[in-house]
Student: 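Can you keep this structure in mind? I'll have questions shortly.
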Amino acid sequence: MHASFTSLSRTVLALCLPLALSACAAMSDAPPPPRTLDDVLATATTAMVDANPRLSDYDPLIPTTVVDIDDLNLSSTLGRLASEIVAARLTEAGLRVREVRLRGQLYSEEYTGELMLSRLAQRVGIDQGGRSLLVGTYAVGEDRLYLTFRIVRTSDANALAAAQVSLPLTNDLRAMLDRW
């Protein structure tokens, strides 16, 4: 009886061990979640482009400064950088992104950038020849930073694509949040 139990145990072990090892291997093959601001914003940009393959029908796109969700008239180094990174990624994805700072008329306030989450956004987009705008907000939690992005058509203010991401609030991110 002991011999048959040992034989049964070996058979079960021989069948289960490869399954357990393959499950571990599958888990280790998964890419780690993005941890840096650049990685998280690349993921968000890819999600927006993938969600609407016809985004190029609505370019040129004008990027606007990502603003504080609690005060839409306020941004920070983080908000300005996030806008720049996403705009660069959209350009890399093949969209035409218009740099409004190179034009004569600039709708901005010192230290905040091109704040566009308002009716002014639609008007500026049209005035600058943009068919869509990149708009976004950020919120600061106790331990996490949350960012939302939308690509909005200037003709009717409808969102064409959207993405939201969050990442751990590190000292590096806090340093870019001017008031934290």
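Position 1 is the first residue of the sequence; numbering continues from there.
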Student: Give the minimum heavy-atom separation between Pro63 and Leu61, together with the two atoms involved.
Tutor: CD-O, 3.7 Å
Student: Going only through I, L, V, M, F, W and Y residues with side-chain contacts under 4.5 Å, is there a path from Tyr146 to Ile85?
Tutor: no
Student: Within the side chain of Ser166, is there an N or O that forms a donor-acceptor pair under 3.5 Å with the backbone of Leu145?
Tutor: no
Student: Using side chain to side chain donor-acceptor pair (under 3.5 Å) as the criterion, list what pairs up with Asp71, not counting sequence neighbours.
Tutor: none
Student: For the side chain to side chain contact (heavy atoms under 4.5 Å, CB included) test, which of Asp70, Leu177, Val67 pairs with Tyr138?
Tutor: Leu177
Student: Write down the atom of Arg89, the atom of Ala42, and the distance for their closest heavy-atom approach.
Tutor: CZ-CB, 3.5 Å
Student: Hey, what do you get for CE (Met48) to CG (Leu134), rounding to the nearest 0.5 Å?
Tutor: 5.5 Å
Student: Check Ala44 against Ala163 and note the closest heavy-atom contact, atom names and distance.
Tutor: O-CB, 3.5 Å
Student: Test of understanding: with side chain to side chain contact (heavy atoms under 4.5 Å, CB included), list the residues that count as partners of Asp143, not counting sequence neighbours.
Tutor: none
Student: Taking it one step at a time, do Ser155 and Tyr58 satisfy side-chain contact (heavy atoms from CB on, under 4.5 Å)?
Tutor: CA-CA 10 Å; Ser155 62; Tyr58 301 99; over 6 Å; no
Student: Are the side chain of Ser83 and the backbone of Val66 linked by a donor-acceptor contact shorter than 3.5 Å?
Tutor: yes
Student: Judged by modelled atom types alone, do Thr65 and Ser75 share a side-chain donor-acceptor pair under 3.5 Å?
Tutor: no
Student: Only one of Leu147, Leu37, Asp39, Thr45 clears side chain to side chain contact (heavy atoms under 4.5 Å, CB included) with Val165; which?
Tutor: Leu147
Student: Rounded to the nearest 0.5 Å, what separation is found between the CG atom of Leu41 and the CG atom of Leu167?
Tutor: 8.0 Å
Student: Using modelled atom types only, decide if a donor and an acceptor are shared between the side chain of Asn158 and the backbone of Arg153 within a distance under 3.5 Å.
Tutor: no
Student: Quick one: list whatever passes side chain to side chain donor-acceptor pair (under 3.5 Å) with Asp57, sequence neighbours left out.
Tutor: Arg54
Student: Test Val135 against Phe149 for side-chain contact (heavy atoms from CB on, under 4.5 Å), laying out the working first.
Tutor: CA-CA 6 Å; Val135 297; Phe149 297 93; over 6 Å; no
Student: Let me confirm one number: the CG-CZ distance from Leu173 to Arg144, rounded to the nearest 0.5 Å.
Tutor: 10.5 Å
Student: Would a distance-only check, ignoring hydrogens and angles, find a side-chain to backbone donor-acceptor pair under 3.5 Å from Ser132 to Asp59?
Tutor: no
Student: To the nearest 0.5 angstrom, please state how far the CZ atom of Arg174 sits from the CE atom of Met176.
Tutor: 12.0 Å
Student: Which value, rounded to the nearest 0.5 Å, describes the distance between Ser56 atom OG and Leu95 atom CG?
Tutor: 6.0 Å
Student: Do you know which two heavy atoms are closest between Val49 and Leu55, and how far apart they sit?
Tutor: CA-CD1, 3.9 Å
Student: Distance from Ile69 atom CD1 to Thr137 atom OG1, nearest 0.5 Å?
Tutor: 4.0 Å
